[in-house]
Protein chains: 2
Amino acid sequence: MNKQSGTIRSKGEETVPVNRREQILESAVVVFAEHGYYRATTAQVAEKVGISQPYIFKLFKNKEELFIAALERAFERILRTFSGLQAPADQLLAEAIQLYEQLMETHPNEIILQVQAIGIRDEAIRQSMQAGILEVTRLMESKFSAAGFAHPEVEVSTFMANGMLCNIALTLGMPELKPKHL
Amino acid sequence: MNKQSGTIRSKGEETVPVNRREQILESAVVVFAEHGYYRATTAQVAEKVGISQPYIFKLFKNKEELFIAALERAFERILRTFSGLQAPADQLLAEAIQLYEQLMETHPNEIILQVQAIGIRDEAIRQSMQAGILEVTRLMESKFSAAGFAHPEVEVSTFMANGMLCNIALTLGMPELKPKHL
DNA sequence: TATTAGTGATTGATCACTAACTAAATAATA
DNA sequence: TATTATTTAGTTAGTGATCAATCACTAATA
C-alpha cells in the first residue's frame with residue numbers, strides 16, 4: 001500500500017530508498033519558481049527528477065494539484081520555522097525577522113513560489129493561498145500574544161507587510177527594496 | 001501618421017473618434033487582471049474591444065508588449081496620483097494613504113495587474129516592473145523629504161510594505177489582511 | 001492613387017493528460 | 001523450493017485543445 005516507497009541503485013552497489021512524491025515536489029518547487037506556474041511544464045519537472053513526464057500524473061491528479069502540494073509544503077515549512085518562536089516582547093520581532101531571513105536564504109524558491117501563487121487566477125490555488133496566509137497570521141498572532149503585546153494584530157500586520165515586501169524584493173531581484181528600519 | 005485615431009459609428013448617426021490603442025489597453029488591463037498573463041488570450045481582449053484578434057498585433061508587436069504597455073499605464077496612474085501630494089509632516093502619510101485607497105477603488109484592475117506582474121518570469125516584464133517600483137519609490141521619497149522627514153527612506157519603505165500588503169489583500173480577496181494601524 | 005483600418009483563414013508549436021503496455025519485485029501456492 | 005499470480009513502478013506513444021502570430025486580403029477614406 002505504500003505508494004511512496006521504492007528503491008534506486010546508486011553508483012555503489014547499495015540500494016537507497018526514495019520517495020518519488022517528495023522528489024517530484026522538490027523539483028516542482030524549483031521549476032515553478034523559475035518559470036512560473038503556466039510556463040513551467042510537467043516535462044521539465046519530470047526531467048529534473050529523472051522520470052518520464054506521464055509518471056507525474058500517476059502521483060498527482062493534475063498540474064494544479066502538483067502546484068498546490070508544492071505550495072502547501074512551502075507553507076508548512078514557514079509554520080514549522082515559527083512554531084518554536086518564543087522570546088520576551090522586546091526581542092520577539094528581531095527573532096522572528098532572523099528566522100524568516102534564514103528561511104529566505106535556505107529556501108528562496110519556496111518563497112518565490114508563494115509570491116507567484118498570489119497572482120495565479122485559479123480558484124483552488126487561491127483558496128490554498130488564503131488558507132496558508134491565514135494560518136501563518138494566526139500563528140504569529142499567538143506568538144505576539146504570548147509575549148504580552150497589547151495589540152498583536154497590529155504588530156503582526158506590520159510584520160506581514162514587511163515580510164511581503166521582502167518576498168517581492170527577492171522575487172523581482174531588487175535587494176534595494178528590502179524593508180529599511182532604523 | 002496618427003495610428004491611434006479612427007472613427008466608429010455609434011448607435012446614432014454621429015461618428016465618434018476613438019483611439020484603438022487606448023481601447024485595447026483598457027480591455028487588456030481587465031482581461032489580464034481577470035485571467036492572469038498566460039491564461040488571458042488576445043482573442044478575449046479583442047472581443048472586449050469589439051475588433052478582430054489579429055488586429056491587436058497591428059498595434060502591438062506581441063502579447064508581451066501589450067502587457068508591458070498596460071503595466072506602464074498602471075504605473076503612470078500611480079505616479080500621477082501622487083504627483084500632487086504635499087502636506088505637513090504630520091499629515092503626509094494619512095494623505096498618501098487616502099490617495100492610494102481611492103486609487104484602489106477606482107482602478108483595482110491596474111493594481112491586480114501589478115501584483116500579477118511580480119510573479120511573471122519574463123525578463124522584459126520584470127524590468128518594466130523594477131523600473132515602475134523604483135520610480136514610485138523615488139517619487140515618494142521626494143515627497144517625504146519635502147515634508148521634512150529625517151529618514152524618508154524608512155518612512156517610504158514602510159509605506160511601500162503596507163501598500164504591497166494592501167495589493168495582495170485585494171488580489172487574493174482577503175480584506176482581513178489589509179494593514180491594521182492603531 | 002495611396003493610405004488607413006480592419007478582417008478571415010490558417011498554422012505551427014506547445015502541453016496537459018491518457019491509454020496501453022512492460023519489467024521487476026513480492027506474495028501465494030503446490 | 002520452484003512456480004505462478006499479483007502488485008508496484010515505471011515507460012512509450014499519442015491526442016486533443018489551445019493560442020500567439022502571420023498572411024493575404026478588402027473596404028473605406030483622403
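Every chain is numbered from 1 and lettered A, B, ... according to where its sequence line falls, protein lines coming before strand lines.
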When only distance counts, do a donor and an acceptor, one from the side chain of K58(A) and one from the base of dT8(D), lie under 3.5 Å apart?
-> no
Rounded distance (Å) that lies between atom P of dA17(D) and atom CZ of R39(B) | 16 Å
Could you check G50(B) against E64(A) and say which one's nearest nucleotide on DNA chain C is further toward the 5' end?
-> G50(B)
Looking at Y55(B), does any N or O in its side chain come under 4.0 Å of the phosphate oxygens OP1/OP2 on dG6(C)?
-> yes
N62(B) CG to dC19(D) C1', straight-line distance once rounded to whole Å = 14 Å
Using atom CZ of F57(B) as one end and atom C1' of dA21(D) as the other, report the distance to the nearest whole Å.
-> 6 Å
Would you say T42(A) reaches dA16(C)'s phosphate, i.e. side-chain N/O to OP1/OP2 under 4.0 Å?
-> yes
Does CZ belonging to R73(A) count more than 12 external heavy atoms closer than 6.0 Å?
-> yes
What is the distance from atom CZ of R21(A) to atom CD1 of I56(A), rounded to the nearest 0.5 Å?
-> 12.0 Å
Find out whether the Lys NZ or Arg CZ of K63(A) is both under 6.0 angstrom from the six-membered ring centre of F57(A) and within 45° of the ring's axis.
-> no
Rounded off to whole Å, could you give me the CD-to-P distance for the E47(B) and dT18(D) pair?
-> 15 Å
Between atom CD1 in I56(B) and atom P in dA21(D), what is the gap in whole Å?
-> 11 Å
Starting at CD1 of I51(B) and ending at C1' of dT7(C), how long is that distance when rounded to a whole Å?
-> 11 Å
Give one of base, sugar-phosphate or nothing for A46(B), where a contact means two heavy atoms less than 4.0 Å apart.
-> nothing
F159(A) six-ring face occupied by K143(A) cation (under 6.0 Å, within 45°) | no
Which of dC19(D), dT11(D), dA9(C) is nearest the side chain of P54(B)? It is dA9(C)
Salt bridge flag under 4.0 Å for residues R121(A) and E34(B) = no
Send over the distance from N19(B) CG to dT4(C) C1', rounded to a whole Å.
-> 14 Å
Residue-phosphate contact under 4.0 Å: S52(B) side-chain N/O, dG6(C) OP1/OP2 = no
Are any of R20(A)'s side-chain N or O atoms less than 4.0 Å away from OP1 or OP2 of dA9(D)?
-> no
Between NZ of K63(B) and C1' of dA13(C) the distance, given in whole Å, is 14 Å
Does Q53(A) make a side-chain donor-acceptor contact with the base of dC17(C), cut-off 3.5 Å?
-> yes
